[in-house]
Structure formats: C-alpha cells, structure tokens
Amino acid sequence: MDSSTNSLDDVSADGSTDYPDRSSSLEVRLQAQEDEITLLKSSLADALRRIRMHDQLLPLLKQQLIAVNPSAARVLNSDGFTSGRKLSSSSANDGIYHAATAASQQSESIVSNANGYIGSGISAEQQGRLPSLDKATQTEPTMSALSRRVQSLHLEDGLPPTELVHDGTRGKLHRVPGMEDEEEEDQVDEEVRGDQEKETSWASSVEEPIQPTTVRSLQREECLDRSCSPDEPGSAPASLGSDQNLSLRSGPLSPIQEGERTLVRRNSEKLANPERQRKRLDKKAASSANLLTRSPSLESRAKELIASAGSPGSRRGTYSQEQSIKMFIRGRPITMYVPSNIQNYDNLKMELPSERLELDWVYGYRGRDCRANLFFLPSGEAVYFIACVIVLYHIKNRTQRHYRKHTDSVRCLAVHPDNVRVASGQTAGVDKDGKPMQACVHIWDSATLVTLQQIGLGTFQRGVGVGSLAFSIADSGTFLCVIDDSNEHILSVWDCTKGTKHAEIKTTNEAVFAVDFNPSDSNNIITCGKSHVYFWTLSAGQFTKKQGIFGKYKKPKFIHCFVFSLTGDVLTGDSEGNILPWAKSAADTKTLGKGAKETYQIVRPIKAHEGSVFTLCTLKCGALLSGGGKDRKIIRWSADLAPERECEIPEKFGAVRTVAVVDDEGLLVGTTRNAILRGSFSDGFVAIVQGHLDEMWGLATHPSQSIFLTCSHDRQVCLWNTEEHNLDWCITLEEYGLCADFCPSGSVVSVGLSTGRWVVLDLVTQEVISESTDGNEQLSVMKYSPDGRFLAVGSHDNFIYIYSVTESGRRYSRFGRCNGHSSFITHLDWSKDGCYIVSNSGDYEILYWDIAGGCKLLRNRFESKDREWASFTCVLGFHVIGVWLEGSDGTDINALCRSHNEKVVAVADDFCKVHLFQYPCPKPKAPSYKYEGHGSHVTNVCFTHNDSHLLSIGGKDTCILQWKVTGGGVGESRETLASTSSTSTSSPEPPAS
C-alpha cells in the first residue's frame with residue numbers, strides 16, 4: 001500500500017487563483033473520494049485473497065459434507081462439479097437439498113461448536129438417522145435456514161481437528177450478495193496480476209447460471225425420491241430448456257426461484273430487496289473498517305484528510321498525528337513528513353535570523369536601452385544605474401556607494417548645476433497582484449544619499465514611467481522638466497524646492513528620447529525623438545511649440561540626442577550619422593505672408609559617423625565629442641565642427657551609448673553592451689564596469705575560492721571575483737546557458753545549455769574539456785555530489801541524468817537516469833553521503849532517489865525525512881515551508897539557498913525581492929528580512945564558500961548584487977572580512993517583513 005498511498009499525495013487538481021477557497025474545498029472532496037475508492041479496492045483484494053483460500057480448502061469441505069450426509073456424494077461427484085468449475089456456496093446449498101431437514105437439525109451444533117470443526121458435535125445416533133429422513137417433510141424456510149447457516153461456515157470448519165487455520169488467513173464461505181459484478185470490474189485494478197485468472201474463475205462461478213448438468217442431477221435425485229416421471233409437468237426436461245435459455249443471457253443471476261424450478265440468480269433482485277441492500281452496505285463498511293485497522297498508513301491518510309477538510313480554504317492543511325504536514329499550491333496537496341528530531345511541531349516558534357544583509361557591490365550597468373545614464377561628479381565618482389540601484393563608483397578608490405530608495409527600475413538621471421544634487425526617475429511597475437503603480441522622481445543628495453524631494457508621486461499617470469529629466473541651468477537649477485512614458489509623452493515643469501508642478505503639456509505620440517533647458521533661458525525647452533525636434537517656450541504657465549524644419553535635407557527617422565554649443569546653437573545627432581546644427585531664422589514673409597513667424601532650420605548637416613550618432617557632449621573649451629553606433633568611434637570636433645581626433649572602442653564592448661568627461665583628457669564611455677570604459681584618445685580605453693546583456697538564470701559559487709560564475713541568455717559565461725569586484729574572464733558559447741555548478745575539486749565548472757547540451761570548462765584555460773547532450777530540451781539544474789563522484793543533470797524532458805565523474809571532473813560516463821517526474825526538473829540536492837537525491841519539478845512534486853542503488857525512485861518518502869542534505873536549494877521541502885507566502889501560486893519563488901553553516905536560507909522571489917529566513921523555517925508565515933534592489937524577478941541566489949557573501953541575480957534587469965552577511969557570529973566559520981579591498985555604503989536598509 002505504500003506506492004498507492006504516496007501516489008495519492010501527488011494527486012493534482014486544477015486550482016483557480018480567482019477562487020482559492022472553492023478550489024481547496026473541491027480538492028479535499030476529490031481526495032476523500034479517491035481514498036474511499038482505494039479503500040474499497042483494497043477490501044476487495046482482501047476478499048479475493050480469502051476466496052482463494054476457500055478454493056484451496058474446498059476439497060476438505062466436500063469430504064466433511066460427505067461425512068455428514070453420504071447421499072450427497074452423488075451430487076458432489078456429478079458432471080456439474082467435475083467439469084473443472086469451482087463450487088460456489090449457493091451450488092453447495094443446492095447439492096444438499098434432499099438432506100435439508102437433517103442438516104437443519106444439526107446445523108446449530110455444527111456452526112456453534114467451540115472447536116469450529118464440522119461434525120465434531122454430531123452424535124453417532126444423529127449420524128445414523130440422517131439418511132432415513134424424507135425430503136417431502138421439509139419446507140422452504142427450513143431449506144433457506146440451512147443455506148444461510150452453511151454459507152456462514154468458517155473455512156477452517158472443513159479442516160480436521162489437528163489442522164488449525166491462522167487468524168490472519170481466516171476466511172468465510174459466504175459472499176456478500178450483489179458484490180459479484182463489482183468484484184469483476186475491480187479485478188483489473190489489482191496489483192498482483194499473477195492471481196487474476198484464479199479470481200476471475202471464482203467470479204464466473206458465482207455470476208453465471210448453474211449449469212444444466214447440475215440441474216439434471218438435482219432433478220434426477222428429486223424424481224427418484226418422489227417417484228415422479230420425467231415426462232410430468234415441472235419435471236427436469238421441462239425446466240431444462242428454460243434454464244438453458246436463461247444461461248445465454250448476459251448479466252449476473254439471482255438466487256434460486258422455486259416457483260419456476262429455474263435455478264438461476266440475478267443481481268437485479270438485490271435492488272428490489274431493501275433488507276439485502278442494507279446488509280450489503282453494512283458489509284462494505286465493515287470491510288473498509290477492517291482494512292483501516294490492518295493498514296496504519298491508510299488510517300493515517302484518512303486522518304490527514306479529515307484534518308485538512310476542516311479548513312478547505314486554507315493553502316495549508318493542519319499538522320497530523322502521524323508527523324506529517326500538508327501544504328497546497330494551486331490546489332495541489334503536498335505532504336511533507338516531520339523529522340524525528342522535531343518532537344512538537346505545533347510549539348515551534350519562527351524567529352527572524354540573527355544575520356542580516358548589506359549591499360556590498362553591484363555588477364553591471366544599464367546602457368543597452370537607456371540614454372544619458374552616466375555622469376562624473378566632482379567627488380571623483382561616476383554615477384550610473386542598473387535595476388533599482390543608483391551606483392556611485394569611486395574610480396580611484398574602487399569603492400561603491402548606493403542610492404536605494406527607488407521601488408522599481410531606474411530609467412534616467414540628471415545632475416544639478418551644483419554637481420551635488422541628482423534627480424532620478426523610475427518606471428511605474430506593478431505590484432505583486434499585477435496592478436500598475438505610480439512612478440516618481442527622486443531628488444537626492446549625492447554626498448549623504450538623503451532624499452530631498454519626491455516629485456510627481458500621486459500625479460503621474462498610473463502605470464506610466466519617467467523617460468527623461470533635466471535641470472534648468474540659467475536659474476541655478478530651480479526647475480526640473482520631466483517627460484513621462486505615456487502615449488502623449490507629457491512634458492511637465494516642476495519647482496525643485498517646493499515639489500509643485502509649474503506647467504505641463506502633451507508633446508507627441510511618437511517616442512521622445514531627450515529633453516533639456518536652454519542654458520541661457522529657462523523658458524526655452526527642447527525635446528527630440530522619433531522624426532522630430534520641438535522648441536518649446538514657456539510663458540505664464542503656458543507652452544507654445546515650434547517644430548524644427550528639415551527643409552531640403554532628408555528627414556531622419558530618429559533624433560537621438562542634442563546639446564547646446566557655446567554660441568547657443570542647438571546641435572542634434574540622428575540615425576543617419578549626421579550632426580545637424582539648428583539656428584533661428586527670420587520669418588519668411590515672402591513665402592508665408594505677413595503672419596509668418598520665425599522658425600528653426602538646419603544650418604548645414606555634417607556627416608560624422610556610420611550608423612547612428614547616440615551621444616553628443618560639449619567640453620569647456622567649446623569642443624564637441626560625438627559617439628557613434630555602428631562604427632564605435634568617439635570623435636572630437638573643434639568649435640567650428642571640424643574633426644580633430646578620433647578613437648575606436650573594442651568591438652566586444654558594443655557601440656557608444658554615452659560619454660562623460662572626467663578631466664581635460666580622461667573620459668568615461670558607456671556602451672550598448674552594458675560596459676563602462678575609462679580612458680583617453682591617447683591611451684585607449686579599458687573596462688571598469690561590465691555586465692550581462694540579457695536575462696540571467698545560471699549562478700554558481702566556487703567551493704573554496706571567492707569567485708562565482710554566471711551564464712545568461714546573451715550566450716556569455718562570466719567568472720567574477722567577489723574580493724576584487726571585477727570580471728576575471730568571459731567566453732561566448734554557441735547556445736545560452738541556464739545553469740552551472742563547480743566540481744568539488746575546484747578546477748572545472750559544468751554549464752547546462754538551452755539545447756540539452758552541457759559543457760565542462762577549465763577555469764584556467766577557459767577551454768571546453770568535455771561535453772555531452774541529454775535530450776533535446778533545455779537543462780535547468782547541474783549539481784555535483786559532495787564527494788565529486790557523480791554529476792546530476794536535471795532537464796526539461798522530466799529526467800535526471802546521472803554521470804560518473806573521474807579525473808577531478810575531467811572525464812564523465814553515463815551512470816543512469818532517474819525517471820519518475822511528470823514535469824520538468826526545477827531543483828535538486830544531494831545527500832551528504834552522496835548516495836541520494838531529492839528533486840522538485842514544475843508540477844510541485846518532491847521525489848527522492850537512490851543513486852547508489854541504481855537511480856531508483858524511493859516510493860516511501862517517509863524514510864527520507866531524517867536524511868541530511870549537503871545543500872538545500874529545493875524550493876519545496878519541510879524545512880522551507882515558511883518561505884511560501886499565503887496564496888502563492890508555485891512560481892512566486894524562483895530559487896533558494898541554505899548557507900553552508902545551515903543557519904539561514906536566502907530566497908529569490910518573483911517580486912524583485914531577496915528574503916533572508918532563519919533555517920529551518922518549517923512553519924507557515926515565517927518572518928524574514930526583505931531586501932530590495934532588483935528591478936526584475938530574482939532568478940537565483942547563492943552563498944559564497946565561507947558564507948561571507950550572498951550573490952543574487954536578476955532576470956531582465958541583468959543585474960548581479962553582492963550582499964555582505966553580517967551579525968549572528970558570522971565570523972566564526974569564515975575568513976576575516978577585514979581583508980576586503982573595498983568598502984560600500986548604501987542608503988538605509990528597508991524594514992523586515
């Protein structure tokens with residue numbers, strides 16, 4: 001029953017997120033019905049086992065019947081009993097019909113005999129009188145009484161007094177009326193197929209009509225006793241034809257119908273007899289009760305159902321007496337067993353962990369899809385952003401500070417004319433229920449990281465982010481202009497000190513890329529974007545617009561950027577690679593008439609780059625810098641727009657996105673491949689910040705060194721150093737990676753790819769030293785055993801492939817395959833002895849595997865409740881029940897990781913948060929510390945080898961956050977943290993959840 005019980009735990013039901021209470025209630029009802037079916041099938045199997053015992057003891061019973069009544073030997077030896085068909089209890093009643101009176105007189109002593117053996121209570125005198133009794137003196141009730149008594153005989157009654165029957169195999173000769181057809185239907189479901197023929201043959205002897213040979217022998221015996229002729233009405237030949245016709249009908253037959261002398265039986269009569277129906281139900285109930293008594297596992301299962309049915313609307317069931325707890329995800333019940341070291345589950349108290357997290361370092365930069373996102377401050381810091389964090393990176397000291405007050409991804413930056421205050425705008429985003437939130441602009445002090453003003457909170461349209469920002473210059477930064485990301489791209493002007501809106505207007509339905517004040521007049525604002533340049537004039541809170549006229553020049557598809565020259569002219573860079581100077585021209589009254597107004601027109605176009613011009617930057621001396629897209633060049637132009645110098649950045653870094661001036665020679669360059677370069681025209685450029693380009697899922701930390709590896713959809717595999725905070729190396733594969741793990745030897749790392757292929761890389765040479773392919777679907781998890789003897793590869797084809805590892809991770813051979821999951825593999829962990837695996841799948845299964853025993857599925861999960869695991873990354877398990885929030889749908893948690901000292905567990909969720917829980921946390925609603933920083937779903941988390949840091953990676957935000965673990969006596973089991981070569985300061989921590 002273990003396998004059937006475990007399968008019941010994994011029964012799935014389609015839950016509805018809209019009606020969780022109703023879904024849970026239906027699940028409980030469905031589970032109860034399935035358990036009832038299982039109990040009925042089990043009771044039927046028990047009955048059939050008893051029947052097989054009856055068949056084995058039947059010859060002994062026939063001998064005892066002959067000893068009681070020798071005249072029955074002719075009937076028992078007739079054709080109806082020697083044709084190979086087993087004797088049913090009803091046929092036995094018919095066979096002793098002529099001796100009913102004698103049997104009825106002795107039946108009480110036979111049945112009630114204390115020893116339970118037939119004939120043991122019959123005297124010699126009574127035995128001598130039995131053959132002389134006349135059948136004509138008997139009545140039908142007497143015969144029925146005999147039938148009932150004979151049917152209730154125990155099987156051991158037919159054994160000699162010296163042969164005892166064990167209580168466990170004790171069976172009865174009687175059968176439950178009306179159960180014949182149910183038994184036949186349920187026989188197919190029996191697990192022991194080898195006994196199917198015996199069970200079917202018994203069922204047929206009960207359900208089919210009594211054979212004509214039996215009827216003929218009975219009728220012949222009756223005629224001899226009554227001296228009647230075979231040709232008389234009601235004789236055997238007359239009833240035989242009717243019996244033969246009835247035997248051809250389909251369906252079970254009923255008990256003997258004396259009125260017609262037709263010896264057939266039909267189950268239809270059971271419905272017409274309420275008393276018989278009641279007895280049948282009573283026996284079914286008794287059978288189920290007996291089965292529960294014999295099977296503790298089923299009894300436990302029934303208790304769990306009763307307990308969980310008490311709160312059908314809850315996602316979790318209650319704690320059962322059999323040391324197990326059940327939780328529900330999307331209506332699916334998941335049973336987890338309580339370890340033996342937990343004596344009283346109900347009294348467990350969940351507390352906050354003593355450890356905390358502090359943001360230590362941010363890897364990456366958002367240059368791929370954002371403009372004007374890099375500035376250099378007089379403090380010697382470069383300010384840029386990625387995800388929800390604004391990074392202030394001190395170039396010489398190689399330290400970071402972080403502004404972390406944004407609640408969603410940052411999209412734009414602007415630096416105040418005082419070079420201290422910074423304005424940053426964010427996207428609106430959605431909450432955990434999918435409802436759009438409101439965006440805002442933060443004005444904050446870059447020296448203290450204190451927020452000075454929040455602009456637009458509650459004013460911007462819900463679900464609309466901020467696209468571009470600019471401070472006014474002529475009035476020392478009194479105003480801030482904002483372009484939002486709505487369809488109308490509303491331009492608004494705000495008072496920075498008061499935080500009030502001064503004016504606003506709808507600009508265009510086309511994309512807007514940049515906005516800025518005229519440095520000499522704060523009432524003049526310019527915007528540019530798709531196929532337009534607009535010149536705005538603000539007067540008395542009202543805007544007027546003039547559009548730039550391209551005239552005879554080709555109108556570009558995009559105007560990417562613009563700057564003001566020292567003379568006040570506007571210079572734009574477009575998608576055609578041109579720099580276009582704009583100037584105000586007098587009104588053309590000859591062409592447009594007297595009402596014509598002054599316009600802005602192109603002076604002369606200058607071909608600057610191949611492809612787009614993404615950025616323009618003016619120097620104090622009046623020179624101009626331009627950055628190209630396709631040609632990846634940075635060109636310095638004189639004040640009269642003559643080229644002076646140029647350089648080209650390496651192809652691996654992508655195109656130039658933005659340029660910031662450090663000093664007279666030094667430059668900072670942000671690229672479209674999310675890198676920040678530092679250098680000059682004479683010395684060239686080197687990367688000081690690098691990051692991935694696309695969604696990340698693969699993360700692994702080295703078993704003994706302060707390095708970690710990431711892989712992304714950009715097909716890059718990168719090795720990072722947590723102490724130096726830099727990129728050690730990066731290679732590009734043919735397919736993108738989704739998972740990775742270091743070999744315990746520390747010399748190689750395996751990476752699982754999107755096509756079912758996986759490769760093993762040498763950490764020193766970065767060469768592929770081994771590769772293999774398992775299936776044709778993506779791989780989701782790679783995990784070495786703690787001793788390094790095996791590698792487990794979890795795939796989306798529902799299999800876990802096991803490989804033997806030799807030569808310190810340089811040689812691999814297929815060991816076996818774990819087959820049993822009904823959905824794709826999501827997580828797995830090895831036991832500390834390296835012999836077992838626990839795995840999770842996409843349909844919320846928890847399965848255990850015996851790898852050393854041949855990759856066998858362990859059916860009895862109860863046996864694995866005390867097993868110790870070398871790592872804990874499975875999101876489903878008893879020790880991490882508390883990480884799941886009420887109402888979670890099963891995909892809300894993407895990954896988790898237990899620290900090596902087994903004190904805390906970090907969780908990556910779908911709502912851009914990293915949580916830190918106490919470990920273990922086996923009770924619902926466990927408290928945790930919650931940390932923000934990611935701007936997309938957090939896909940993975942992992943502790944470093946000494947638990948000094950936690951790494952978390954984002955999905956679409958391409959961000960890697962390195963958190964320092966503090967408090968809780970952390971230094972006891974790890975190296976001294978004072979050896980870290982950099983410091984980090986962040987804005988105050990968010991409160992715990």
Side-chain angles (χ1 to χ4, degrees), residues 10 696-701 709-711 713 717 735-744 749-760 770-786 788-805 809 812-831 834-852 854-858 861 864 869-877 880 890-891 893-898 908 939-942 953:
D10 299 330
M696 291 184 291
W697 283 91
L699 173 65
T701 55
L709 182 136
T710 58
C711 46
H713 286 192
V717 176
E735 303 99 18
Y736 63 84
L738 291 166
C739 52
D741 193 32
F742 285 91
C743 181
V749 62
S750 60
V751 180
L753 307 179
S754 59
T755 58
R757 190 169 70 96
W758 56 273
V759 297
V760 180
S770 178
E771 64 177 289
S772 183
T773 301
D774 293 311
N776 55 5
E777 298 191 42
Q778 68 183 46
L779 304 180
S780 51
V781 56
M782 308 283 290
K783 189 79 70 173
Y784 284 93
S785 62
R789 293 188 301 119
F790 296 107
L791 171 66
V793 181
S795 172
H796 268 230
D797 63 5
N798 305 355
F799 297 129
I800 301 174
Y801 300 91
I802 307 298
Y803 283 83
S804 294
V805 183
Y812 298 81
S813 59
R814 175 76 72 86
F815 178 80
R817 186 179 71 173
C818 299
N819 180 9
H821 275 293
S822 55
S823 185
F824 56 91
I825 312 301
T826 58
H827 307 85
L828 66 84
D829 291 293
W830 285 90
S831 61
C835 296
Y836 299 91
I837 281 180
V838 58
S839 57
N840 293 167
S841 63
D843 58 352
Y844 322 125
E845 284 182 324
I846 307 175
L847 297 185
Y848 298 89
W849 311 88
D850 182 0
I851 303 304
C855 303
K856 296 179 181 178
L857 174 63
L858 299 178
R861 294 181 298 168
S864 300
W869 303 102
S871 62
F872 207 114
T873 60
C874 288
V875 297
L876 295 174
V880 293
T891 61
I893 293 179
N894 296 314
L896 61 80
C897 181
R898 184 192 67 189
T939 57
N940 214 336
V941 288
C942 194
I953 60 175

Can you tell if the side chain of [X] reaches within under 4.5 Å of the side chain of [Y], non-hydrogen atoms only?
X	Y	result
Y836	I851	no
R757	L779	no
F790	S804	yes
I802	W849	no
L896	F872	yes
M782	V751	no

Got a donor-acceptor contact below 3.5 angstrom from the [X] side chain to the [Y] backbone?
X	Y	result
T939	M696	yes
N840	H827	no
D850	C855	no
S780	I825	yes

Give every residue pair that meets the salt bridge (charged side-chain N to carboxylate O under 4.0 Å, His left out) criterion with at least one member in residues 812-821, sequence neighbours excluded.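 Qualifying pairs, neighbours excluded: D774-R814.
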Excluding sequence neighbours, so at least two apart, what forms side chain to side chain donor-acceptor pair (under 3.5 Å) with T826? none
Ignoring hydrogens, what is the shortest heavy-atom contact between [X] and [Y]? Give both atom names and the distance.
X	Y	answer
C942	C897	CA-SG, 3.9 Å
L699	V941	CD2-C, 3.8 Å
S831	C835	OG-N, 3.4 Å
G809	C743	CA-SG, 3.9 Å
A700	A740	CB-O, 3.5 Å
G877	I846	N-CD1, 4.1 Å

Would you please test S772 and Y803 for side-chain contact (heavy atoms from CB on, under 4.5 Å) and show each step? CA-CA 10 Å; S772 183; Y803 283 83; 3.2 Å; yes
Between [atom1] of [X] and [atom2] of [Y], what distance do you get to the nearest 0.5 Å?
X	Y	atom1	atom2	value
T710	W697	OG1	CH2	14.5 Å
K783	L828	NZ	CG	6.5 Å
T873	R898	OG1	CZ	9.5 Å
W830	S785	CH2	OG	5.0 Å
I837	C818	CD1	SG	5.5 Å
N798	E777	CG	CD	7.5 Å

S864 vs V838, side-chain contact (heavy atoms from CB on, under 4.5 Å): CA-CA, chis, key distance, verdict: CA-CA 9 Å; S864 300; V838 58; over 6 Å; no
Which class fits the ring pair Y784 and Y812: parallel under 30°, tilted 30 to 60°, perpendicular over 60°? tilted
Please walk me through it: do D797 and F824 pass side-chain contact (heavy atoms from CB on, under 4.5 Å)? CA-CA 6 Å; D797 63 5; F824 56 91; over 6 Å; no
Close aromatic pair by centroid cut-off 6.0 Å: Y801 and W758: no
Derivation and outcome, side-chain contact (heavy atoms from CB on, under 4.5 Å), residues L738 and S754: CA-CA 7 Å; L738 291 166; S754 59; 4.3 Å; yes
Under a plain distance cut-off of 3.5 Å, with no hydrogens placed, do E845 and S822 share a side-chain donor-acceptor pair? yes
